[in-house]
Protein chains: 2
Amino acid sequence: MQPFRILIVDDHAHAREAIREILEEHEDFVILGEGRNGQEAINLTEELMPDIILMDIQMPVMDGLEATKRIKLIFPYVKIVMITVSDDITDLFDALKKGAQGYLLKNIQSDAWVDHLRAFASDEVPMSKEIAFQILKEFPQSKAVTKENTPLSSRELEVLQLVAKGLSNREISETLFISEHTVKSHLKNILSKLHLDNRVQLTNYAFQQGLIN
Amino acid sequence: MQPFRILIVDDHAHAREAIREILEEHEDFVILGEGRNGQEAINLTEELMPDIILMDIQMPVMDGLEATKRIKLIFPYVKIVMITVSDDITDLFDALKKGAQGYLLKNIQSDAWVDHLRAFASDEVPMSKEIAFQILKEFPQSKAVTKENTPLSSRELEVLQLVAKGLSNREISETLFISEHTVKSHLKNILSKLHLDNRVQLTNYAFQQGLIN
DNA sequence: TTAAAAATCACTCTTTAGAGGTATTATGGA
DNA sequence: TCCATAATACCTCTAAAGAGTGATTTTTAA
């Protein structure tokens, strides 16, 4: 049984040390190295080829979300678990959107923490939102679920489809007989609801959801 | 046998008249109305619901390509045949990209012209590039085929996939270790080769070609 | 080995996109 | 009837995208 080969990325040395101490108690984990920011994470990943990266979200130079996106693009098979002190559900969703396999809170020293990590490491299926909620629910300081599940309105769906077809905001405004300001307003709300960054990502979403073809 | 219901859109009255005269000799065509620009084409389409629109490319207010794109978006089943004096192959490709079913040269009064129109009107399959070439080849003034078939280079394909995944030019440049200028250069060439306008349309292309998923 | 193609980078300029905020008007439910 | 949501619109500001041109280097193929 091969141990899981771990890379730890966090800008705080004490945080890295805390994780190291926890994992060293378990012989199915071996720590390959440590990085201090997203850029180092990319370089170390190329160099060490870890099985799992434990990645902080908030970091200088390049944050963990950006690094996750880039690493997953180059090395899709590397598993990345976000670690953070934040119990904000939006951070969790953002992490999943970027391709993270898991999400763990930092300020935990329970056995459950290692169990979850082991589950992420060995499991083939990606972490569902249900499991994510469950993890957050285990810890009392988790905030209530924010209004993430707000569905798109029919007008927003209409705008989404036109955006995903390649029309500019001006063209959409002329198609729907509304002002370009309004189109921008709708698009802003759409991107916010879906936790996406730009219209190309929205186009990906539209294709994957079968909203266009 | 129902006749084909035609809408003619051209900014030159004499051009519309010429087409009307040709079509009135054939009783399987009936002309519903005439428009003078792309905007009128949209309005008249909503009002008259023609089977086929004969659409000029060069027009004031809104040109035929833009109008074609918008009409096909709202009324995908309406057939649009571009009519133009241009024998430039790039115009033809642009027309097909916007969703036109056919492409006919204006300065023709042969029976073949009407035959082609009838073929477009009754045929379910979209006009292939081969047929387009054949039509242009029937007329001696057609220019030689431009370098349209140039395939994408491997580097261009690489950039295409990153663009279609939602990365910004800056992010792509950092991923590929090249300058943002170079990324822009590649993207410009890609869009030009594929006759696309922006990165969202490129994303559509990537999905439809199975280049990403 | 030489010509063509591909890849690279640069500069300017204009348009578009996107973040952030605010506000008004319908409108449909509770 | 009142409240929440949706749809509309405007504002400022910054970043990004895209058009146009040109140029150098490397690679590939004839």
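Reckoned from all heavy atoms, side chains included, excluding hydrogens, waters and symmetry mates. Per chain, numbering begins at 1; letters A, B, ... match sequence-line order.
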Please name the pair of heavy atoms, one in B:Val9 and one in B:Ala41, separated by the smallest distance, quoted to 0.1 Å. CG2-CB, 3.8 Å
Which heavy-atom pair separates A:Ile8 from A:Ile19 by the least distance, and what is that distance? CD1-CG2, 3.8 Å
Does B:Lys184 get its side chain close enough to the base of D:dG18, under 3.5 Å, for a donor-acceptor pair? yes
Between [N] ([atom2]) and [X] ([atom1]): distance, integer Å:
X: B:His186; N: C:dA6; atom1: NE2; atom2: P; answer: 11 Å
X: A:Asn169; N: D:dA9; atom1: CG; atom2: P; answer: 14 Å
X: A:Lys188; N: C:dT16; atom1: NZ; atom2: P; answer: 19 Å
X: B:Glu180; N: C:dT8; atom1: CD; atom2: P; answer: 15 Å
X: B:Glu171; N: D:dA17; atom1: CD; atom2: C1'; answer: 14 Å
X: A:Arg199; N: C:dT16; atom1: CZ; atom2: C1'; answer: 8 Å
X: B:Arg170; N: D:dA16; atom1: CZ; atom2: P; answer: 6 Å
X: B:Lys193; N: D:dG18; atom1: NZ; atom2: P; answer: 18 Å

Please confirm whether the shortest side-chain N or O distance from B:Arg155 to OP1 or OP2 of C:dT8 is below 4.0 Å. yes
Short side-chain N/O contact to C:dA6 OP1/OP2 from B:Ser153, under 4.0 Å: no
Of A:His181 and B:Ser185, the one whose closest nucleotide on DNA chain D sits nearer the 5' end is A:His181
Under 4.5 Å between any side-chain heavy atoms of A:Asp51 and A:Val78, yes or no? no
Answer with base, sugar-phosphate or nothing: what part of the nucleic acid does [X] contact at a heavy-atom distance below 4.0 Å?
X: A:Ser154; result: sugar-phosphate
X: B:Thr182; result: base
X: B:Leu187; result: sugar-phosphate

Check the surroundings of atom CZ in B:Arg36: do more than 12 heavy atoms from other residues, nucleotides or ligands lie under 6.0 Å from it? no
Checking side-chain hydrogen bond (donor to acceptor under 3.5 Å, both in side chains) against A:Asn169, which of A:His186, A:Glu180, A:Arg199, A:Glu174 comes through? A:Arg199
